[in-house]
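Reminder, nothing fancy here: chain letters follow the sequence lines and each chain counts from 1.
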Amino acid sequence: MKLRLFDTYTRSVRDFEPLEDRHVGLYTCGPTVYDYAHIGNLRTFIFEDLLRRTLEFNGYTVTHVMNVTDVGHLVSDADTGEDKMEKSARRTGKTAWEIAEYYTQAFIQDCDRLNIKMPTVLCRATDHIQEQIDFIRCIEEQGYTYSTSDGIYFDTSKLADYGYLARLDIEGLQAGSRIELGEKRHLTDFALWKFSPKDQQRQMEWDSPWGKGFPGWHIECSAMSVKYLGNFFDIHCGGEDHIPVHHTNEIAQTEACYHTHLANFWMHGYFLQIDEAKMAKSSGEFLRVQTLIDRGYDPLAYRFFTFSALYRAKLNFTWEGLDAAAKSFDRLRTMVYQWGEPGIVDEDYIDQFEEQVNDDLNFPRALAVTWELARSSLPDATKKATILVFDQVLGLRLAEWQPQEQVIPDEILELAASRTKMRQEKRWAEADALRDQIIAAGYEIEDTPAGPRIKSL
RNA sequence: GGCGACGUGGCCAAGUGGUAAGGCAAGGGUCUGCAAAACCCUGAUCACGGGUUCAAAUCCCGUCGUCGCCUCCA
């Protein structure tokens, strides 16, 4: 089945055709590295990983570019906000550069824990200042900029279809606006270059044709994606929150300079919510991968959890929900382990699976196919070989997993041995009493044909 | 205040015109000395009220509720 993907730009599911034969240029908006990523952020990165793996499953070679936003941007659109990098630096006593490096490494570690593939190119905004300056100059030459006391701005009124991606209702925005315009000419205008404050030295600032300062909020993605993928490439992704502002402005910048809307497909991952509310770095609930590990969850159980909903629908996170996913995932991987060595792949199941993932990444359905396979009457070796093919896309590390070897204390082993003896002698009451003792000590006992198996609870 | 999305069994969640995938939980069963594990079986008419249609969870209108965006944000 042909790969079909939802494109926010056209608001429709379209057949995916690469611009270049068998090759796909994919750009995904990366993390801002002034703090750890939370599991809501990571839901989007998992979605993008599934997209990439699905493209590869379809036989495409993917050049995946992801930015790292290590330039601090202002907290608010007014000039009063504090730079997040600089703020984090002040809080921790580290330099802005050290902060960026630290959280970049933390992000990479989170991705590894979630089995998210590293992009082909991971590019830092601060390594591409010149490209951003060049891009701004190009926009300037095309006549889309103006200058204020605090920076160079993009004049959005000069683009006829500004806001098309988000179907922005400019007049409605202005009517219901809650922010001050300041020196901006229009509500939707945005900074391309911000000047450093005259009275203080920023840790991150650069010279430019317009004066010392730093790049605006949206230019890095345009500049870097164009550099690595060209000015019209296949797919650009990000979180749903990027639709009205960030991606809208990326498109504006590229239209001004290159007259393209930057990407053929625009795709957006939807939010993870906690108790029906958005998870935000600023709010109380800030769950990280490490938080899950501390609570005893395998990070891959979280990856598995995100498969339960479509990427294009909000997903409510609850511990109960994560428990359900963890339980289900454990059953699946245990089953897969017990199937032994892989044999010959079942093509019919592969087709069923492919049909679901190719239908705009319907992973809930793809998982249903996986369960159908798992509970089918096919030989174990066939199931194993087939599910390992699925796992190229699922990324659950099913091939490498094996039950944890637990160290059982000698005293527990002795109790179990006594129990086995009692059972052989059919002294059930005594055997059960021993089992109760084992359970009381925090261990569980399962009788199998091969003898008792002991697990810690 | 403006814009938008959503509301499916106990929970998470597919399905978007032809009588409701899957997972978790629950109940029943098989197996077991009893358990555990595993496996099998069982359950929803789709927020509410109208309308369109031979036919609607699926389209239209209204009501209620929840959430998101409008400010950096995945």
Side-chain angles (χ1 to χ4, degrees), chain A residues 28-32 34-35 37-48 69 72-78 81-84 87 166-180 187-188 217 237-246 268-273 275-283 304-318 320-329 331-332 334-335 338 356 359 362-372 374-375 422-423 426-429 431-432 435-436 439 444-449 452-453 455:
Chain A
T28 58
C29 283
T32 46
Y34 63 92
D35 204 337
H38 58 62
I39 60 173
N41 298 127
L42 290 159
R43 180 190 179 198
T44 296
F45 294 115
I46 291 170
F47 141 63
E48 291 160 348
T69 301
H73 294 309
L74 296 179
V75 168
S76 75
D77 218 11
E82 193 175 15
D83 182 298
K84 284 186 288 193
K87 185 179 176 185
R167 308 293 192 266
L168 285 187
D169 169 6
I170 308 288
E171 284 175 18
L173 274 180
Q174 275 158 355
S177 173
R178 298 187 313 206
I179 60 166
E180 298 280 321
L187 190 67
T188 49
W217 305 265
C237 296
E240 58 164 321
D241 54 317
H242 282 159
I243 298 169
V245 180
H246 183 57
H268 297 91
Y270 280 66
F271 280 154
L272 180 76
Q273 302 195 158
D275 295 331
E276 300 296 333
K278 186 178 100 173
M279 174 180 290
K281 289 184 180 178
S282 53
S283 77
F304 187 89
F305 169 77
T306 68
F307 296 172
S308 62
L310 296 173
Y311 77 89
R312 213 142 55 73
K314 65 184 171 62
L315 171 61
N316 199 33
F317 178 88
T318 60
E320 194 189 0
L322 185 61
D323 280 338
K327 186 90 189 271
S328 179
F329 180 41
R331 278 188 187 149
L332 183 68
T334 301
M335 226 181 263
Q338 288 169 347
Q356 297 309 332
D359 180 16
N362 194 327
F363 278 81
R365 284 277 186 180
L367 255 200
V369 172
T370 304
W371 280 111
E372 227 181 275
R375 291 178 171 151
M422 292 301 127
R423 292 184 71 227
K426 298 195 188 299
R427 293 156 71 179
W428 308 122
D432 290 350
R435 181 170 62 201
D436 288 343
I439 291 169
E444 188 176 44
I445 193 155
E446 287 174 26
D447 294 316
T448 72
R453 181 156 61 212
K455 296 197 301 190

Practice prompt. Using a 4.0 Å heavy-atom cut-off, write out nucleotides 34-47 of chain B from 5' to 3' as B (base contacted by protein), S (sugar-phosphate only) or - (no contact).
Written response: BBBSSS--------
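- Of the candidates B:C69, B:C12, B:A14, the closest approach to any side-chain atom of A:R365 belongs to B:A14.
- Base pairing analysis places B:A21 opposite nothing; no Watson-Crick or G-U wobble pair with both distances below 3.5 Å involves it.
- One finds the CG atom of A:L310 at 11.5 Å from the OH atom of A:Y270 (value rounded to the nearest 0.5 Å).
- Side-chain N/O atoms of A:T32 include none lying less than 4.0 angstrom from OP1 or OP2 on B:C72.
- Separating the NZ atom of A:K426 from the C1' atom of B:U32 is a distance of 12 Å, rounded to the nearest angstrom.
- At whole-Å resolution of the value, CD in A:E320 and P in B:A13 are 11 Å apart.
- In this structure the side chain of A:D359 never reaches within 4.5 angstrom of the side chain of A:R365, judged on heavy atoms.
- In this structure, A:E240 atom CD and B:C6 atom P are separated by 12 Å, rounded to whole Å.
- Within the shown strands, nothing qualifies as a pairing partner of B:G33 under the Watson-Crick or G-U definition with both distances less than 3.5 Å.
- Between the A:N41 side chain and the A:H38 main chain, a donor and an acceptor come within less than 3.5 Å of each other.
- Remark: the separation of the P atoms in B:U66 and B:C61 is 22 Å, to the nearest Å.
- Comparing B:A44 with B:A35, their C1' atoms are spaced 33 Å from each other, to the whole Å.
- A:F317 has its CZ atom 12 Å from the P atom of B:A13, to the nearest Å.
- In this structure, A:L168 and A:P244 have side chains that are in contact, with non-hydrogen atoms separated by less than 4.5 Å.
- Going from atom CG of A:L322 over to atom P of B:A25 covers 14 Å, rounded to whole Å.
- In this structure, A:A313 reaches the sugar-phosphate backbone alone: every heavy-atom distance under 4.0 Å involves primed, P, OP1 or OP2 atoms, never a base.
- Around CZ of A:R453, the count of heavy atoms belonging to other residues, nucleotides or ligands within 6.0 Å does not exceed 12.
- Among the atoms of the strands shown, only primed sugar atoms or phosphate atoms (P, OP1, OP2) are found under 4.0 Å from some heavy atom of A:L315.
- Ranked by how close their nearest RNA chain B nucleotide is to the 5' end, A:F305 and A:E48 are led by A:F305.
- With B:A74, B:C6, B:G23 as the candidates, the nucleotide lying closest to the side chain of A:S328 is B:G23.
- Residue A:N362 places at least one side-chain N or O under 4.0 Å from the OP1 or OP2 atom of B:G15.
- Looking at heavy-atom distances under 4.0 Å, A:H246 makes no contact with the nucleic acid at all.
- A distance of 10.5 Å separates CH2 of A:W428 from CZ of A:R435, quoted to the nearest 0.5 Å.
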Discussion item. Checking A:F363 against A:Y311 for the ring-ring contact (aromatic ring centres under 6.0 Å, His included) test, could you report, in this order, the C-alpha distance in whole Å, the side-chain angles of both residues, the deciding distance, and whether it holds?
Written reply: CA-CA 8 Å; A:F363 278 81; A:Y311 77 89; 9.0 Å; no
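- Per the geometry, CD belonging to A:E372 stands 18 Å off P belonging to B:A14, to the nearest Å.
- In this structure, A:G321 reaches neither bases nor backbone, as no heavy-atom distance under 4.0 Å exists between it and the strands shown.
- Atom NZ in A:K314 sits about 8 Å away from atom P in B:G7, given to the nearest Å.
- Using Watson-Crick or G-U wobble geometry with both donor-acceptor distances under 3.5 Å, B:G9 finds no partner in any strand shown.
- Closest contact between the side chain of A:P364 and the listed nucleotides B:A21, B:C12, B:A74 involves B:A21.
- Of the candidates B:C73, B:G23, B:C12, B:G23 carries the atom nearest the A:A324 side chain, counting heavy atoms from C-beta on.
- Atoms OH (A:Y270) and P (B:A5) sit 9 Å apart, rounded to a whole Å.
- Across every strand in view, B:U45 sits unpaired, with no contact that passes the Watson-Crick or G-U test at under 3.5 angstrom.
- Contact check for A:T370 versus A:F307: no side-chain heavy atoms found under the 4.5 Å cut-off.
- B:U16: no Watson-Crick or G-U partner with both key distances under 3.5 Å is found in any strand.
- In this structure, B:G4 and B:C67 make a Watson-Crick or G-U wobble pair, each of the two defining distances being under 3.5 angstrom.
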